[in-house]
Amino acid sequence: MTEEETAAPEADAARDALVATLTEALGDNLVASEVKAGVDLWVRVTSQAWVETAQVLRNQCGMKYFNFLSVIDWLPSPFGRDMDAQVDQPDPVEPGEMTWGITGGQTRFQMLARLHDPVNHVGINIKADLDDDQPTIDSWITVYPGANWHEREAAEMFGVHFTGHPNLTKLYLPGAFEGNPMRKDFPLLARRVKPWPGLVDVEPLPGEDDDETEAS
Amino acid sequence: MAIKIKIPGMIKGLGITFGTMVRTLTKGSHTVQYPHVKEAPTPRARGVIALHEENCTSCMLCARECPDWCIYIEGHKYKAPPRRPGGKPRKKNALDRFDIDYSLCMYCGICVDVCPFEALFWTPEYEYSELKISNLLHDKNQLGKWMETVPEFEDYEKGSEAKKAQVPE
Amino acid sequence: MNKATDTQQLAYIAGQAADARVNLEIETEGMTLNIGPQHPATHGTLRIIVKLDGEQVIAAEPMMGYMHRGYEKLTEVRTYPQVTALINRIDWLGSFANEVPFIQAAENLMEVEAPPRAQWIRTALFEMSRIANVVLFLGDMGVQLGAVTPVFFAFRDREFILNQIEAVTGGRFHPNFNRIGGLKDDLPKGWIEETRGVLGRIQNFCDEIETLVAGNEIFQARTRGIGIIPADMGLAYGLSGANIRSSGVDWDIRRDGGIGLVHNELDWKVWTHPDGDSYARFWVRLQEVRESCIMIEQILDGIPAGPVMAKVPRIIKVPAGESYVETENPLGVMGYYIVSQGDLTPFRVKIRSASFNNVSITPWLLKGVYVPDVVSILASLYFILGDIDR
Amino acid sequence: MTLILAEMAYWQETSIRLLVGLAAVLLPAGTLVYLFLFKMMSFMQSRLGPMEAGPYGSMQLLAEVGKFLQKEDLVPRAADRIVFKLAPFVVLISTFLLVLVIPAGPDLWFIDVDTGIFLALAVSSISVIGILMAGWASASKYSLMGALRATGQLIAYELPLVLAVVGVVIQAGTLNVQNIVMAQATGEIFGYGGIGNPFIFTQFVGFAIFLIAVQAELTQPPFDMPVAESELVTGYLTEYSGLRFLMFFIGEFATAGIFSALAATLFLGGWYVPGLDPTDGLFNVIGPAVLFAKMLLVAFLIFWFRFTYPRFREDQLQKLAWKVLIPLSLINIVITGVLKVVF
């Protein structure tokens, strides 16, 4: 990663300037930001300022390139890796405490989008907290038409509602599908209908404790 | 359809197909008449997994790392006679069952990689298709038979610091 | 959408619709045509519902999901090495390139760096998977337009590249060769020399295709001025790779990204085309295959000696953090946003696949074209179904 | 043939004519499929093609026919059953009628009418009706679009086809196909009569237009929009299976053979070989072979184009026909007429 190190100071200036522009334009709606020197940039905005952020970034910062849009569900999976899952044990365990990633968070669902400046080659990750019960946010379609399918995907996978989306129908899933598969509390059935072959262990000698594992 | 002064591409294109035809007729085709002639895959080709049963300690690592859950191992412990006369009998793992379900396997090679005792090997053998999907479950005898087809490991290209591994026997 | 794009789009549609205006005298009812999911032109199971007026498309709506495999969910229950084996299957023609951004994102989080030899070999294989992928496009574009021969040339010469990939990785399609911290194995003896010969073949193939397909007047008549994507529109839809470069955007992550491959130490050129039509997309990809050959040629000369694997713990636990790495894959920009919480498995992986964005422009792009052009535009956008549906 | 037939009873004569007619249709079709579709295409694509059935896969065609015969004869539920089932026969009828006018020797012909070439070009259009029937009756959108494209295309290319032949007719001074061959055998090119006058030399433009138009008539690439596989699945053939598909298939390749034979007759001298007396009875023996060889030569060209070129779009095809080919052939007619008067 030698390239990054040499290019670091310049890129940092660019990223800091971005944060400065955003702070000026959004004010309190910019909740948090983090610049990783020469690597990447994260900002967290309020969900009210979601569209405004995109407009500012597109019109003032040259972020013309729409990269992707998605959602993170910060709920720790009640099923773990499903390794201990058994066919006869489908009940989820109580999920643990939520921990958030870069720029923090307060709610379970968080928007995650990324834009890119194709001229200066700087990218930005934008996050926004969503309401837990009724995750709703404004659609980006007016700013980036490419957000259309991404928002449909996020809507069906996480159950987020995008206000102003013209056609918020299911993209991948069949129309009658119920549930939001990418939510952490949605079980991955493929891993639950079959016991893990690695669960069985070598049969111990009859009448002995199996504390010694490898003997050879 | 602007015809340029140079030879039109349509005519040059005819030359390409004609040239290929002549080449195929004189120098032979690029295809191989499969059941009669067989291409030799490279020694590293991931065709089928062979099991060297003596090395397996039924430690379950491969079965646990398998992304598809397609390896089934059962084993039991037994007391082997001591190495030196008069010593204590050693506890050993005996392998009762080692099945790989090739209808599930995605040929990623993780099991071969994680095996700490060099009991699993790739062989380039590829002709083991079956009419019934259940026959694709290879048991340890079948997997053991594949051992004969395991090729020698290749030498490395210059500048490499990797050590060449050995196939047992 | 800014003003320039709006006017462009309106002018475009108006121009295309001008022919259809003849029909206003007779009130005709549109016809709905299902293209796919089992259609020869859809490279798999894409389904496009088009509303037709005669042979002209009034509206087109792609339907996906016939091949949705839920990779983002599956990655959450798999360890990092297992994920590498899985994500091979996203773009199955250029599998090696799929692994690279994921591995790099994980390496960023673990703060390990692959040794130089691994980086160089990685770059070589990365570019070879590009050749394996795009060569098939070059042939397939011909077959979509009715010429049967080029695709056989493509299969013929791709075989040599696949053989070389197989000789190193052991897998023709799904190498699973990248490891966090390097590569699984080193090159076998004699591989470099063989690869040089293969590159010659590929260059030869490019010449053949240039004459047989790109130089053909019928092909040009079918693709020039068809499916024009203005640069603004392409950027707003998130198009990437050759699709955006053929609209005149000079942007290539291999050059501009600063990612851990060695492209910046090589002497090569980013090809762009100002037209933005189907022909431009074909032409840019053709040049990119040639450029890849040039790159690999230089890599083969310059592979440094050394180990191919950095010191990495045997059980890989990635520290908590978030990392996004994207690379310039054969189909366009492919990126992985990894959220790790210090576990054996990633907490969340957002797979940003190129084809998903590339195809999302079709409802806009297909408006007003004729049915035969639907096929040529789809072919020139070049998507892999696995890359759309993931 | 006519001489022998004169002494036979009507039913004997008819059955012999029937057998020879069948052979004249099926033999070229089979040869073209094996030689060009199976083998030449494979060679042009660096592969060998069928190799298993018979020596060098020569019996592959029989295997394919057997396969088609075994398949179920599917009729879509919404299809117009009678029309759907009738369509392949209509296409085949056109093929069988076409073969009638082509002479294979000084005395070898099925019918000898004064307006032979006119008849041939007229009956060749019957296949359009069959294709339209197939497309309409299939109750499939792809079929319908394919059939409509086919109709538009065949109508557009009928014209250059006829106009290209007009040049030959003017030069030969007759519509009778046998006489056209004779005119080529005894003719001279600007005073040199050593090789006769195959009209390909004096009517090259006509020959080129004829080939292009034939390509379009046969709906082969670069004019295969009616069956355009990547767009319309297989156009009007989409819903057909088994025997009926086979009939379309035979019809396609038999027509290719017969049109090649027609082109060979009109432009390459037909059954005649330069240097021999055209009235020689020898030609009754070697004539068919000579014609067959010349037919293969023309068919080679047709199939060579087929395997090399991508296809046009429908509007481009119409433009090519109306704006390029028809004016060109009209100019050709004018020049031919002028030269005919001058020399």
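All values derive from a computational prediction rather than experimental measurement. Letters A, B, ... mirror the listed sequences (proteins, then strands); counts begin at 1.
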Using heavy-atom distances under 4.5 Å, tell me whether [X] contacts chain C through its side chain, its backbone, both, or neither.
{"X": "A:Asn148", "answer": "neither"}
{"X": "A:Val119", "answer": "neither"}
{"X": "A:His150", "answer": "both"}
{"X": "A:Arg183", "answer": "backbone"}
{"X": "A:Met63", "answer": "neither"}

Where the side chain of [X] meets the backbone of [Y], is there a donor-acceptor pair that is under 3.5 Å apart?
{"X": "C:Thr75", "Y": "C:Val83", "result": "no"}
{"X": "C:Asn358", "Y": "C:Ser240", "result": "yes"}
{"X": "C:Trp120", "Y": "C:Pro304", "result": "no"}
{"X": "A:Asp129", "Y": "A:Gln106", "result": "yes"}

Option in [options] with maximal non-hydrogen atom pairs under 4.5 Å from chain C:
{"options": "A:Ala147, A:Gly123, A:Pro174, A:Pro181", "value": "A:Pro181"}
{"options": "A:Trp74, A:Phe66, A:Tyr65", "value": "A:Tyr65"}
{"options": "A:Asn125, A:Asn59, A:Leu112", "value": "A:Leu112"}

Original post:
Distance only, no hydrogens: is a donor on one side chain within 3.5 Å (strictly under) of an acceptor on the other, for C:Arg348 and A:Ser70?
Top reply: yes
Subject >> Interatomic distance, A:Thr53 atom OG1 to A:Leu57 atom CG [nearest 0.5 angstrom] >> reply: 6.5 Å
Subject >> Where at least one partner belongs to residues 349-364 of chain C, residue pairs that pass salt bridge (Lys or Arg N to Asp or Glu O under 4.0 Å), sequence neighbours excluded >> reply: A:Glu153-C:Lys350, C:Glu72-C:Lys350
Original post:
Can you list every salt bridge (Lys or Arg N to Asp or Glu O under 4.0 Å) pair that touches residues 160-176 of chain A, not counting sequence neighbours?
Top reply: none
**OP:** Could you have a look at C:Leu239, C:Ile361, C:Val249, C:Leu74 and say which one has the most heavy-atom pairs with chain A under 4.5 angstrom?
**Re:** C:Leu239
Original post:
Taking C:Pro62, C:Ser323, C:Ala114 one by one, which has the highest count of heavy-atom pairs under 4.5 Å against chain A?
Top reply: C:Pro62
**OP:** Using non-hydrogen atoms and a 4.5 Å limit, figure out which bit of C:Tyr66 sits close to chain A: side chain, backbone, both or neither.
**Re:** neither
Original post:
Considering only heavy atoms, which portion of C:Ser340 lies under 4.5 Å from any heavy atom of chain A: side chain, backbone, both, or neither?
Top reply: neither
